[in-house]
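Every heavy atom of this structure was used, including side-chain atoms; hydrogens, water molecules and symmetry mates were not.
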Amino acid sequence: MAPIPGSGLAKGLAVTLRTMTRKSVTAQYPDTQPELPPRSRGVIGLFEENCTVCMLCARECPDWCIYIDSHKETVPPAAPGGRERSRNVLDRFAIDFSLCMYCGICIEVCPFDALFWSPEFEYAETDIRDLTHERDKLREWMWTVPAPPALDPGAEEPKEVAAARKTADKLAAAQTDETGQEGRA
């Protein structure tokens with residue numbers, strides 16, 4: 001069957017008319033904040049206490065937008081007669097968000113959970129050179145990171161938690177045995 005001439009035009013106009021009769025939904029952004037989905041990607045927050053300056057995030061970043069500076073510090077021995085240790089101290093941690101492509105590789109590769117996605121998205125600057133944010137600003141954004149979703153109640157307990165619970169139960173049982181034996185004596 002041959003198509004009727006002008007049927008495509010009629011279908012297109014019908015779609016236009018249907019759209020024109022619907023009420024438009026406009027987000028009044030500056031006045032009302034948008035409802036973001038949970039765990040949305042905004043900027044990267046830094047939990048500085050967990051950073052060991054291992055440089056994995058900077059090495060794995062495909063855009064090379066993470067800048068880390070550190071120095072070594074000598075730590076006295078923990079026990080008398082022990083040897084001194086050295087540890088890295090973070091001097092500078094900066095991310096250039098004008099280069100960042102928000103891939104999240106740095107967050108995934110961090111073995112010490114020092115980097116997190118923050119839902120903050122209002123960090124526009126008038127000058128592109130001001131989009132390099134130092135660790136103070138990254139630390140501020142860390143406190144806007146939402147808590148992780150609750151575990152599934154029907155899920156299996158993690159092995160680490162199960163092992164810790166088993167050890168704690170053994171210690172509690174040993175303590176009750178000791179107190180019971182002392183009471184009899």
Side-chain angles (χ1 to χ4, degrees), residues 1-69 90-158 160-161:
M1 181 175 196
I4 302 172
S7 64
L9 178 64
K11 287 180 184 176
L13 286 173
V15 169
T16 303
L17 286 173
R18 260 185 280 143
T19 307
M20 285 176 50
T21 58
R22 290 187 192 142
K23 183 181 179 192
S24 64
V25 179
T26 304
Q28 302 296 328
Y29 164 63
D31 300 326
T32 58
Q33 293 295 320
E35 290 186 29
L36 298 173
R39 308 299 289 176
S40 60
R41 291 183 176 191
V43 293
I44 297 169
L46 171 68
F47 191 54
E48 195 173 338
E49 289 78 19
N50 285 358
C51 183
T52 61
V53 196
C54 66
M55 306 284 230
L56 277 174
C57 54
R59 277 186 274 157
E60 294 297 323
C61 179
D63 292 333
W64 292 87
C65 65
I66 300 175
Y67 309 109
I68 300 174
D69 292 330
L90 185 65
D91 292 330
R92 179 181 187 224
F93 192 103
I95 298 177
D96 188 352
F97 285 104
S98 65
L99 296 175
C100 182
M101 65 181 183
Y102 304 91
C103 63
I105 292 174
C106 57
I107 295 169
E108 295 297 323
V109 79
C110 181
F112 302 103
D113 288 337
L115 299 173
F116 294 90
W117 282 116
S118 169
E120 288 292 317
F121 63 92
E122 296 175 322
Y123 58 96
E125 299 288 344
T126 55
D127 189 4
I128 195 168
R129 292 173 289 198
D130 294 335
L131 282 172
T132 301
H133 294 292
E134 298 292 330
R135 69 181 182 180
D136 297 333
K137 187 68 174 175
L138 300 175
R139 189 182 317 118
E140 272 180 45
W141 285 331
M142 182 60 211
W143 306 119
T144 63
V145 173
L151 296 176
D152 182 12
E156 187 177 302
E157 190 175 43
E160 297 85 0
V161 174

Inset, instruction - Any chance you could measure Arg22, atom CZ, to Leu17, atom CG, to the nearest 0.5 Å? - result: 11.5 Å
Inset, instruction - Grab the two heavy atoms, one from Ser98 and one from Ile128, that are nearest each other, plus how far apart they are. - result: CB-CG1, 3.6 Å
Legend entry - All pairs passing side-chain hydrogen bond (donor to acceptor under 3.5 Å, both in side chains) where residues 133-149 contributes a residue, at least two apart: Glu48-Arg135, Glu48-Arg139, Arg92-Glu134, Ser118-Thr144, Asp136-Arg139
Inset, instruction - Can you measure from SG (Cys57) to CD1 (Ile95) and round to the nearest 0.5 angstrom? - result: 7.5 Å
Legend entry - Main-chain N/O of Arg18 paired to Thr21 side chain as donor or acceptor, under 3.5 Å: yes
Inset, instruction - Mark yes when over 12 heavy atoms from residues, nucleotides or ligands other than Gln33 sit less than 6.0 Å from its CD; otherwise mark no. - result: yes
Legend entry - Backbone of Ile66 reached by a side-chain donor or acceptor of Asp96 within 3.5 Å: no
Inset, instruction - Could you grab the distance from atom SG of Cys51 to atom CG of Leu90, nearest 0.5 Å is fine? - result: 5.0 Å
Legend entry - Any donor-acceptor N/O pair, Asn50 side chain to Phe112 backbone, under 3.5 Å: yes
Legend entry - Qualifying ring pair (Phe, Tyr, Trp, His ring centres under 6.0 Å) pairs with a residue from residues 41-69, counting only residues at least two apart or across chains: none
Legend entry - Step-by-step side chain to side chain contact (heavy atoms under 4.5 Å, CB included) determination, Ile68 to Met55: CA-CA 7 Å; Ile68 300 174; Met55 306 284 230; 3.6 Å; yes
Inset, instruction - Over all heavy atoms of both residues, which pair between Glu125 and Leu131 is shortest? Give the atoms and the distance, please. - result: CG-CD2, 3.8 Å
Legend entry - Thr132 side chain reached by Phe97 side chain, heavy atoms, under 4.5 Å: no
Inset, instruction - Would you name the heavy atoms of Tyr29 and Phe121 that are closest together and state the gap between them? - result: OH-CE1, 3.4 Å
Legend entry - Donor-acceptor contact present, side-chain Ser40 to main-chain Leu36, <3.5 Å: no
Inset, instruction - Starting at SG of Cys110, measure out to CG of Leu46 and round the result to the nearest 0.5 Å. - result: 8.5 Å
Inset, instruction - Look up atom CG in Leu56 and atom SG in Cys61, then write down how far apart they are to the nearest 0.5 Å. - result: 12.5 Å
Legend entry - Between CD1 on residue Ile44 and CG on residue Leu138, distance to nearest 0.5 Å: 8.0 Å
Legend entry - Shortest non-hydrogen separation from Met101 to Pro62 and the atoms involved: CE-CG, 3.3 Å
